[in-house]
Every structure is written in structure tokens, then in C-alpha cells.
Amino acid sequence: MAGRYDRNPFEEEEVNPFADQAAKGKGSGQSNYGGGAFYNPTSRLSPLPPEPADFNYEHSAPVDIPLDTAVDLKQKERELQAKEAELRRREQEVKRKEEAAARAGIVLEEKNWPPFFPIIHHDIANEIPIHLQKLQYVAFSTLLGLFGCLLWNIIAVTAAWIKLGDVKIWFLAIIYFVSGVPLAYVLWYRPLYRAFRTESAMKFGWFFLFYLLHIGFCIFAAVAPPIVFKGKSLTGILPAVDVISNHVLVGIFYFIGFGLFCIESVLSVWVIQQVYMYFRGSGKAAEMKREAARGAVRAAF
């Protein structure tokens, strides 16, 4: 049986951390300062520099931070106000010009067609009355039909040029296409568009005059009599019959062009008939006669 005062094995031994360091310090001639439990004499870290004696941070030198003065802020505020006033003035000027143009009957047209490369203004759904939109769309289809006819005419005449060796007919086909489509838009399609939009009798008269020329050209191209370079610069029925006997493929191209010009002619005749019926029924014919009479009287005096 163990003695009454035997040592407890679970009792922690009290160790003085300063005793050993002091003994070592004395033995080696080093300082007896241990630095506490976290002091490591073998550490390579350099000690922190001593704090300066002046701990009065409140009276230390001030730091210069650039700040806008009140004068600079007021100047910027005046500049912003001047710019805002200039923008308001420009907006009012643009609005005034738009109102003046609207009172004078001038419509500012924004180019929006075709969507991928806008070159003309075209907005039937929003600018043409509902009861005239169908007729306007058909008239627009005749403009696109003329574009297709003249484009196919170039293809067929190019084939004929390759087979027959006559470059003159190809140049004429190019001239028909380059001049025909823009002139058709300016001379008869745009007047009809504006006539339906503004109910102008003079615009209707302008349309009738040049649309009759358009129909005459389509009928002439469908026949293509041998008047200009034996008629082969246009894909009509007569050159098609002449060419197909020697060159079947070229003849087929010409017959297709003949069919396209026939469709264009029939559709154009229907359009001018419908426009004329509306023109007579709406009383624009009498108005046009009165305007023409007044113009003749003014010219006489």
C-alpha cells in the first residue's frame, strides 16, 4: 500500500520559466531578461523599432487633402446650368421647326426602307388611309415587279451577248435597269404615295401622266419590236422567237422575260384603273379641273 504522502502522478509540475533562463544567462554571461513565455531567443526576426517619444498625435503636422473650394463648385454649377439651358433652347428650336413644317404641309420623311439599307421613306401602314392601303401595296408591288423584270432582262441579255457577241444590247439592258427603277419611284410611285396621304389632286395628275408611260414601256418591252438593235435588248416575244431557233437556253430566258413583262403590264393596268375610279369618286377630278383653270387664268394675266 502506498504511503499517505506519496506524489500524485496527475499533478502538474510547477515550472518557473524564468529560473532556467536566468541560470543560463548567468552561466553564459548574457542578460537575465527572458522576455516572457513568448520570448524566443533563437528567432531571426528583428526587434520592433522603439516608439518615438512624442505620442501627441492630436498636434502632429496636418495632411494636405485637395478639396474643391466653394468658388469652384459654384463655377461648375453655373456651367451645368448653362449647358442645360442650351439643350432646352435647341429642343425648343427643333420643336418650333417641326410645328412650322407641319403647318406648311411639309412632312419630314425618315428613310426606313429597305430595313437593311434604308434609302427611301415608306410607311404605308401608318401614313396611308386604311381603305387605300391595299391599292397602295399593289402599286408598290408593280414598282418591285419592274425591278424584277429589268433585272431578269439583264440576265437574259447577258446570255444573248455571250452567245451572239453583241455588247450593245447588254449596255442598253444596263441603262434600262439603272435609269428605269429610280425614275419609276420618283415620277409615279412617290406622287401616288403622297396623293393618297394628302389627297392632293395635282399629285394624282402627276401619277396618271407618268404611270401611263410606265404601262406603255412594259407593253413595248413585252413585244420588243425590232426597232432598237433588232429588239434583243429587251426580253420580248419577238426576239424570243428569233433567238430560240439557234440558242434554246437563251430563247427560254427571253420567254421568261416576256411572261414577266406581261404580268407587270396587266397588274399596272389594274392599278391605274382602280386609282382612277377612286379619283373620280372622291371628287378629285373636279378639283383638279378647277386648279387647272385657275392656273391657266393666272398664266394668261
Nearest heavy-atom neighbours spanning [X] and [Y]:
X: L267; Y: S141; result: CD2-OG, 3.7 Å
X: A156; Y: V250; result: O-CG1, 4.5 Å
X: I119; Y: P114; result: CG1-CD, 3.8 Å
X: F261; Y: C149; result: CE2-CB, 3.7 Å
X: C262; Y: A222; result: SG-CB, 4.1 Å
X: V186; Y: P191; result: O-CD, 3.4 Å

Please say yes or no: joined through hydrophobic side-chain contacts below 4.5 Å, possibly via intermediate residues, are [X] and [Y] part of one cluster?
X: I124; Y: V275; result: yes
X: I219; Y: L209; result: yes
X: I237; Y: L249; result: no

Atom CZ of residue position F210 - does it have more than 12 heavy atoms of other residues, nucleotides or ligands inside 6.0 Å? yes

Can you confirm whether L87 is buried at CG, in the sense that more than 12 heavy atoms of other residues, nucleotides or ligands lie under 6.0 Å from that atom? yes

For the [atom1] atom of [X] and the [atom2] atom of [Y], what is their distance to the nearest 0.5 Å?
X: L143; Y: S268; atom1: CG; atom2: OG; value: 10.0 Å
X: W113; Y: F140; atom1: CH2; atom2: CZ; value: 3.5 Å
X: D123; Y: I128; atom1: CG; atom2: CD1; value: 9.0 Å
X: I272; Y: F208; atom1: CD1; atom2: CZ; value: 6.0 Å
X: I154; Y: S233; atom1: CD1; atom2: OG; value: 11.5 Å
X: R194; Y: R197; atom1: CZ; atom2: CZ; value: 6.5 Å

According to the interplanar angle, ranging from 0 to 90°, do the rings of [X] and [Y] count as parallel (below 30°), tilted (30 to 60°) or perpendicular (above 60°)?
X: F204; Y: Y278; result: tilted
X: H214; Y: W188; result: tilted
X: F255; Y: F258; result: perpendicular
X: F147; Y: F177; result: tilted

I'd like to know if the side chain of [X] and the backbone of [Y] have a donor-acceptor N/O pair within less than 3.5 Å.
X: N153; Y: A173; value: no
X: W206; Y: L187; value: yes
X: Y254; Y: K232; value: yes

Stepwise side-chain contact (heavy atoms from CB on, under 4.5 Å) test for K111 and I120: CA-CA 5 Å; K111 296 178 180 179; I120 63 173; 5.9 Å; no

Side chain proximity check, I130 to Q133, heavy atoms < 4.5 angstrom: yes

Take H247 and L164, measure what side-chain contact (heavy atoms from CB on, under 4.5 Å) needs, and give me the verdict at the end. CA-CA 9 Å; H247 305 284; L164 303 177; 3.7 Å; yes

Should L146 and T142 be marked as a side-chain contact (heavy atoms from CB on, under 4.5 Å) after you check the CA-CA gap, both sets of side-chain angles, and the distance that decides it? CA-CA 6 Å; L146 180 65; T142 61; over 6 Å; no

Residues R90, E86; criterion salt bridge (charged side-chain N to carboxylate O under 4.0 Å, His left out); working and verdict: CA-CA 6 Å; R90 291 183 179 180; E86 179 66 18; 3.2 Å; yes

Presence of salt bridge, K83 and E79, under 4.0 angstrom: no

Are E93 and R89 ion-paired here, with the side-chain N under 4.0 Å from a carboxylate O? yes

Y185 and V181: CA distance, side-chain angles, deciding distance, side-chain contact (heavy atoms from CB on, under 4.5 Å) verdict: CA-CA 6 Å; Y185 173 77; V181 178; 5.9 Å; no

Between Y189 and H122, do the side chains contain a donor N or O and an acceptor N or O under 3.5 Å apart? yes

